Amino acid sequence: MKRIAIIGAGPTGIYTFYSLLNHRTPLCITVYEQAEKAGVGMPYSDEDNSRLMLANIASIEIPPIFSTYIDWLRTQDDAHLARYGVEKSTLHVRQFLPRILLGEYFRDQFVQLVEEAKKAGFEVEVRESCQVTDVEATPEGVNLWAEGEPTPKPFDLAVIATGHVWPDEEAASRSFFPSPWSGLMEARIPACDVGIMGTSLSGLDAAMAVAVQHGTFIESEDEQIQFRLDEGSEALKIVLMSRSGILPEADFYCPIPYEPLTIATEAAIDAAIEQGSEGLLDRIFDLIVAELQHADPQWSKAVALETLTADTIREAWFADREKQGPFRWAVSNLDEVERNKRDKRTVPWRYTILRLHEAVEKIVPHLTEEDRERFKVGLARIFIDNYAAIPSQSIRRLLALREAGVISILTLGADYELALKEDRTVIHVEGEAWYFDVFIDARGQQPLKTKDLPFPVLRHQLESAGEDIPDVGDDYTLLAPDYLRGKIAFGALPYLMHDRPFVQGLVVCAEIGEAMAKAAVQPASRVRKWLRFTPD
């Protein structure tokens, strides 16, 4: 049997394992997971999340393994679900639930995977609380070093599915957290001035993690929420900040699976790419405009879409939010999307942009350097804002904190200075200084390069071949140097963000896992072109 190592047992590793099982060819599989429990994944573990943190994906969108998420939930004990504030009788496929609960689902599916694989003749070993320290590709296969193993273990294929990479907890201090997942969940945050960099869901989650140490959210049956601050915590003041000071939209209703695009089809985008890099972004923007005008002529006329360009559409997209201010706009947006959910009404322009981001992403490697920058600061911002819409419940809790006088939003603009002091953080904005006793950087995952790899030998092998960014094939196996081909499947998301700026979510994890499983039976044929796309 071929010997396969899966490094990382979060969603990408699980979907890879599942796809290997579906090939029905018995394999010898060793799964390495540095956490105590394999099959959960950092985004859904109880060590890195609080029960208030919601997954921004619902059962209807999650690729099933042995059962759908909603069917699994319906088999759970009522009392167990109640601990997460979930009532079984109200479960539905579009519901956003605590991340930790989703982690339990993946853990359960992983355990079942191991059992089914063994029944099918696979040899399976799961190494929990075991960190892989190095990986080396050789002409014969792959050598893998892990904690607790005195000598390297040989494999025919190593699958790197290590997921998100955040700064170590050692990088955090009592006054600064380089990410919400760098010790914040275990830290005791005093009632003080707290600054949070980022106004997306990660920033809101960080705010909730701090707030619940000093008060309680009280939720009524009509979905109204209040926040009651504890006596003695009156000094707690949380400031969310970003360059734009804009809040994300609440998640909106739309058909799933997605309906096909009419004008910006795969064939039309491929034809635009074949015409060459020069002018590609503008040709694609013409397709986007035509698609939006076809889907929603009324909205297109209202924003004067025909007068906009790939450079000016961002300003038009966010104009209403900037005019109303974040909290007033959040109230009106929440009311609109909840009304649309009740009526099962789809807003055509929102739904069109949601479908376009996946279709348009394939142009990124083909853009000129100048157009990559234009795309990054323009259309990419719109696409990210659209697909990163957040659960309505998160907006309600934010508004409750606002009503309680606990939270505010600071618009930084393009020019600001951040100074990390030993005991505080100082932000300088337009001649004014803001001082924070505790500061949390919640801007999300940044793209990584070869130099960031935690495996010294593999890192050296790639760098010696001039691979500043790992180059992979259709099945995500590394392509250089030549003797690496077909031996290491590289599905670590932060390293894939350079030519896939929108790579995210469980659907992508399942797609990557399915592709990497093919590396066990066939080699890659197509070389991907990488680029340096670095979102802020």
Side-chain angles (χ1 to χ4, degrees), residues 8-15 33-65 67-88 90-113 128-129 163-164 166 169 177 179-189 200-213 216-217 219 225 251 390-394 396-398 440 442 444-445 504-506 509:
T12 303
I14 293 172
Y15 284 115
E33 173 54 54
Q34 65 179 0
E36 292 183 4
K37 287 185 178 181
V40 179
M42 183 283 301
Y44 313 111
S45 70
D46 54 8
E47 293 88 1
D48 297 302
N49 298 276
S50 75
R51 294 185 180 184
L52 282 180
M53 291 183 173
L54 301 176
N56 62 342
I57 186 169
S59 178
I60 193 173
E61 299 174 88
I62 298 172
I65 303 175
S67 66
T68 64
Y69 185 34
I70 190 71
D71 287 342
W72 178 84
L73 288 165
R74 287 168 176 156
T75 66
Q76 303 306 298
D77 181 78
D78 287 352
H80 181 66
L81 293 178
R83 285 197 286 270
Y84 295 97
V86 177
E87 188 175 336
K88 187 181 293 188
T90 64
L91 286 171
H92 58 86
V93 295
R94 292 178 179 265
Q95 190 172 5
F96 296 104
L97 299 169
R99 293 184 191 176
I100 299 174
L101 199 53
L102 183 52
E104 291 187 10
Y105 163 75
F106 279 119
R107 169 66 177 181
D108 182 83
Q109 300 294 288
F110 176 77
V111 171
Q112 192 173 345
L113 254 177
E128 296 175 317
S129 299
H164 292 287
W166 307 113
E169 292 186 17
F177 295 87
S179 86
W181 301 277
S182 300
L184 178 63
M185 294 304 114
E186 297 80 27
R188 176 61 187 172
I189 306 299
S200 66
L201 183 58
S202 295
L204 269 62
D205 280 344
M208 302 306 159
V210 173
V212 294
Q213 295 189 27
T216 306
F217 287 99
E219 304 182 11
I225 300 178
D251 185 78
I390 68 176
S392 294
Q393 191 77 336
S394 296
R396 293 190 190 95
R397 289 168 178 165
L398 173 70
I440 304 161
Q445 179 69 64
Q504 43 76 38
L506 295 175
C509 289

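Since this is a predicted model, take the numbers as computed values, not measurements. Here, residue 1 is the first one in the sequence, and each next residue gets the next number.
- Closest approach of Ala187 and Phe177 over heavy atoms only: CB-CZ, 3.6 Å.
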(request) Report the C-alpha distance between His80 and Glu104 in whole Å, list the side-chain angles of each, state the deciding distance to 0.1 Å, and finish with yes or no for side-chain contact (heavy atoms from CB on, under 4.5 Å). (result) CA-CA 11 Å; His80 181 66; Glu104 291 187 10; 2.7 Å; yes

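- A side-chain N or O of Glu219 and one of Gln393 form a donor-acceptor pair less than 3.5 Å apart.
- In this model, no donor atom of one side chain and acceptor atom of the other lie less than 3.5 Å apart for Gln95 and Tyr69.
- Once rounded to the nearest 0.5 Å, the distance linking CG of Leu204 with OG of Ser394 reads 6.5 Å.
- Judged by distance alone, with hydrogens and angles left aside, the side-chain atoms of Asn49 form a donor-acceptor pair with the main-chain N or O of Pro43 at under 3.5 Å.
- Using a 3.5 Å distance cut-off with no hydrogens or angles, the side chains of Thr68 and Asp71 do pair a donor with an acceptor.
- By the salt bridge (Lys or Arg N to Asp or Glu O under 4.0 Å) test, Glu128 is found to be paired with Arg107, residues two or more places apart in sequence or in another chain being considered.
- Heavy atoms only, all atoms of each residue included: Met53 and Asp205 are closest at CE-O, 3.5 Å.
- Looking at residues two or more places apart in sequence or on another chain, you find no salt bridge (Lys or Arg N to Asp or Glu O under 4.0 Å) involving Glu61.
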(message) Could you walk me through whether Val40 and Phe106 satisfy the side-chain contact (heavy atoms from CB on, under 4.5 Å) test, starting with their C-alpha distance in whole Å, then the side-chain angles of each, then the deciding distance to 0.1 Å, before giving a yes or no?
(response) CA-CA 6 Å; Val40 179; Phe106 279 119; 6.0 Å; no

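- Put simply, the side chain of Glu33 never gets that close to the backbone of Ser129: no donor and acceptor are under 3.5 Å apart.
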(request) Applying side-chain contact (heavy atoms from CB on, under 4.5 Å), run through Ile70 and Ile62 and close with a yes or a no. (result) CA-CA 10 Å; Ile70 190 71; Ile62 298 172; over 6 Å; no

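- The closest donor-acceptor contact from the side chain of Arg99 to the backbone of Ser50 lies at 3.5 Å or more, if one exists at all.
- Here Trp166 pairs with His164, Trp181 under the ring pair (Phe, Tyr, Trp, His ring centres under 6.0 Å) rule; sequence neighbours left out.
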(request) Apply side-chain contact (heavy atoms from CB on, under 4.5 Å) to Glu87 and Leu81, showing your working. (result) CA-CA 6 Å; Glu87 188 175 336; Leu81 293 178; over 6 Å; no

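- Using a distance-only test at 3.5 Å, with no hydrogens or angles considered, a donor-acceptor pair links the side chain of Arg51 to the main chain of Arg83.
- In terms of modelled atom types and a separation under 3.5 Å, the side chain of Tyr44 and the main chain of Pro11 share no donor-acceptor contact.
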